[in-house]
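What follows is a single structure, written as structure tokens, with notes after it.
Numbering of residues begins at 1 and proceeds along the displayed sequence.
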Amino acid sequence: MELELRDLLFMFFGGLAIFLFGIKFMGDGLQKVAGERLRDILDKTTSNPVMGVFAGIFVTVLLQTSTGTTVLTIGLVNAGFMTFRQAIGVIMGANIGTTITAFIIGLNISEYALPILAIGTFLIFFLKNKKANNYGQVFFGFGALFYGLDLMGDGLRPLREWELFMDLTVQMSDNPLLGVLIGVIFTVSVQSSSAAIGLLQQLYAQGAMDLSAALPVLFGDNIGTTITAVLAALGASLAAKRAAASHVIFNLVGTIIVLIFVVPYTAFIANISERLNLNPEMQIAFAHGIFNTANVIIQLPFIAVIAAIILKVLPGKESVVEYKPQHLDPSIIQQSSSIALGQAKKETLRMAELSEKGMVEAREFIRTNQKRHSELAFQFEDAINNLDRKITEYLVQISANSLSAHDSEEHSMLMDTVRDIERVGDHMENLVELGEYQIANKVKLSDLAMEDISEMFDLTIETLQQAISALENGDILAARSVVLKEEQIDKMERQLRKKHIIRLNEGKCSGSAGIVFVDMVSNLERIGDHAVNIAEAVIGEE
């Protein structure tokens, strides 16, 4: 009996693990198949809340996670691509999109799980085509989802004969709030509403509970999934907190409404199941899909009200990093190349200011370990990369016209400067990632090392600021000062490396801390090099 219990536990937890892996792996594969178009889809199809709902559905189906869609949406709000009101529409759509997993499970093709896994394996390991590998990942994830579900179901089968569990399901039928609470607890425990609903589908299919007990648990799963967004928003940006709040309000209000009408809703689902001859898994999928779709239809007209409530509860100004170029007007290129170059220079200066602000956030993250600083730094890096593409494309269009000798020099200088600023952004990102590595691996830098890093950060940021000022004003004296400061940065790098070796020899610094320290110093030195490149472009030196 003990061996049997052990085997059942192994099957349940192993099946749950394979199921969660399958969803994640399939979602990653679908995202690779879609390419980098997900952000563009959200950006271009959210002109009104209804379009936002459809965009949210589509992107969530591809990602196989409503949390992933919410994170993307928060990024777009922070970037100024999308208003908070539009974001609520996308989050509503994500709630419909996440029901697709339940419908996939409802297909009940577990017996074909192993052949599907085999197809995925063949596409991943035996074909060298990257596109085929991505499709293989989708197939493998799809097969793993069903194989894990089948194992999980085998592990749960004895529950229908366990008297304590049967008494609990009777109580859930009589008291829907108990079912909701159980759904919330389980979803929070596994951090996946798809896994919780998959488990519910298995229990219902095996006759371990009836429909009147299963539906309240389903509604609880819907509330539980918002906890993931809430946890992700703790210590994050104001936009993230507001998005999480809208997710909670949407699902909470929907659950309250459906609980008021839980008896007729249960009868309605039973009626549909009988008419369409649905299998048990598909009954839960329909109940989930209809609930979330009806919830969106009911609440969609009240988006403005929801937004107003959230803005009252969470007041303050969002830190928006403006991704979109503000000065690049294509029509000017044909009218005057000189004016167009002036506009390109304005945008390049804005890109440079973003790199400076990103460096400040990176410094604050290294000093404080506060997540909001790292998030902002990554947003600045995203904005820099976007402007790099847009400005370079604009300059290429300008080069199609005949340019004077002066304009040609200006054009070449801007091309080089944009590249240098983009590299500053890359090194800034490296610094933040080193900080994250330090936190994740509990690497502690000594107080002396932190003082040295802080001092070099300050000098590097000051040098970058002066280079930007020299570029803006064509100030050759300021540019020459940058060259001198960069020599200080080089000297400081050599000194800090020596001091690090001394600390290492004296046992005041661990090897892993030393690696982080040296990498940070190296990245700061490279940023100084790019700052001096900008200054030398102003001076006109090679």
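Between Tyr265 and Phe261, the distance from one ring center to the other does not fall under 6.0 angstrom.
Using the six-membered ring where Trp is involved, Phe122 and Phe126 have ring planes that are parallel, under 30° apart on the 30 and 60° scheme.
A heavy-atom distance below 4.5 Å is found between the side chains of Met92 and Ile306. When side chains are defined from C-beta on, Glu356 does not count as touching Phe380, because their heavy atoms never get closer than 4.5 Å. At least one side-chain heavy atom of Met282 sits less than 4.5 Å from a side-chain heavy atom of Asn279. In this structure, the side chains of Phe365 and Gln370 stay at 4.5 Å or more apart for every pair of heavy atoms.
Between atom CG of residue Asp382 and atom CG of residue Leu354 there is a gap of 11.5 Å, rounded to the nearest 0.5 Å. Distance check: Ile88 CD1 to Ser246 OG gives 5.0 Å after rounding to the nearest 0.5 Å. Atoms CG and CE, on Leu16 and Met11 in that order, are 14.0 Å from each other to the nearest 0.5 Å. Note that CD of Gln379 and OG of Ser374 are 9.5 Å apart. Values are rounded to the nearest 0.5 Å. With values rounded to the nearest 0.5 angstrom, Leu117 atom CG is found 11.0 Å from Phe142 atom CZ. Note that CG of Asn251 is 11.0 Å distant from CG of Asp221, once rounded to the nearest 0.5 Å.
Look at Arg350 and Glu347 and you find a salt bridge, because one of the NZ, NE, NH1 or NH2 atoms lies within 4.0 Å of a carboxylate O, short of that distance.
By the side-chain hydrogen bond (donor to acceptor under 3.5 Å, both in side chains) test, Asn369 is found to be paired with no residue, residues two or more places apart in sequence or in another chain being considered. For Glu381, the side-chain hydrogen bond (donor to acceptor under 3.5 Å, both in side chains) criterion is met by Asn385, not counting sequence neighbours. Scanning for side-chain hydrogen bond (donor to acceptor under 3.5 Å, both in side chains) contacts around Glu361 gives His373, with sequence neighbours left out. Listed by chain and residue number, nothing satisfies the side-chain hydrogen bond (donor to acceptor under 3.5 Å, both in side chains) test with Gln438 (two or more places apart in sequence, or in another chain).
Although no hydrogens or angles enter the test, the distance criterion places no donor-acceptor pair under 3.5 Å between the side chain of Thr98 and the main chain of Ala94. Side chain of Asn441 to main chain of Tyr437: a donor-acceptor pair is present (N/O by atom type, distance under 3.5 Å, no hydrogens or angles). A donor-acceptor pair under 3.5 Å links the side-chain atoms of Arg242 to the main chain of Leu314, judged by distance alone.
The two residues Ala205 and Pro280 make their nearest non-hydrogen contact at CA-CB, 3.5 Å. Summarising the geometry of Phe219 relative to Val180, their closest heavy-atom pair is CB-CG2, 4.4 Å, with the distance given to 0.1 Å. Closest approach of Thr60 to Gly97, counting heavy atoms only: CG2-C, 3.7 Å. Closest approach of Gln201 and Glu281 over heavy atoms only: NE2-O, 2.8 Å. Closest non-hydrogen pair, Ile197 versus Ala102, comes out as CG2-CB, 4.1 Å. In terms of heavy atoms, Ala144 sits closest to Gly22 at CB-CA, 3.8 Å.
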Take Phe378 and Glu436, measure what side chain to side chain contact (heavy atoms under 4.5 Å, CB included) needs, and give me the verdict at the end.
CA-CA 12 Å; Phe378 284 131; Glu436 288 184 332; 3.4 Å; yes

Carefully, step by step, assess Asp388 and Ile421 under the rule side chain to side chain contact (heavy atoms under 4.5 Å, CB included).
CA-CA 8 Å; Asp388 170 40; Ile421 296 167; over 6 Å; no

Steps toward side chain to side chain contact (heavy atoms under 4.5 Å, CB included) verdict (Val262, Thr266):
CA-CA 6 Å; Val262 68; Thr266 305; 4.1 Å; yes

Go through it in stages, so that I can follow the logic: the residues are Glu433 and Asn430, the test is side chain to side chain contact (heavy atoms under 4.5 Å, CB included), and I'd like the CA-CA distance, side-chain angles, deciding distance and then a yes or no.
CA-CA 5 Å; Glu433 286 172 351; Asn430 292 346; 4.1 Å; yes

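For residues 129-139, the side-chain hydrogen bond (donor to acceptor under 3.5 Å, both in side chains) pairs, not counting sequence neighbours, are Lys32-Gln137.
Within a 6.0 Å radius of CZ in Phe139, other residues, nucleotides and ligands contribute 12 heavy atoms or fewer. Other residues, nucleotides and ligands contribute only 12 or fewer heavy atoms inside 6.0 Å of the OH atom of Tyr112.
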Donor-acceptor contacts, no H, no angles, side chain residues 286-299, under 3.5 Å, sequence neighbours left out:
from: His288; atom 1: NE2; to: Asn222; atom 2: OD1; distance (Å): 3.0
from: His288; atom 1: NE2; to: Asn292; atom 2: ND2; distance (Å): 3.3
from: Asn292; atom 1: OD1; to: Asn222; atom 2: ND2; distance (Å): 2.7
from: Asn292; atom 1: ND2; to: Asn95; atom 2: O; distance (Å): 3.0
from: Thr293; atom 1: OG1; to: Gly289; atom 2: O; distance (Å): 2.7
from: Asn295; atom 1: OD1; to: Gln299; atom 2: NE2; distance (Å): 2.5
from: Asn295; atom 1: ND2; to: Phe250; atom 2: O; distance (Å): 3.3
from: Gln299; atom 1: NE2; to: Phe250; atom 2: O; distance (Å): 2.9

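Between the side chains of Tyr204 and Gln283, at least one donor-acceptor pair of N or O atoms lies under 3.5 Å.
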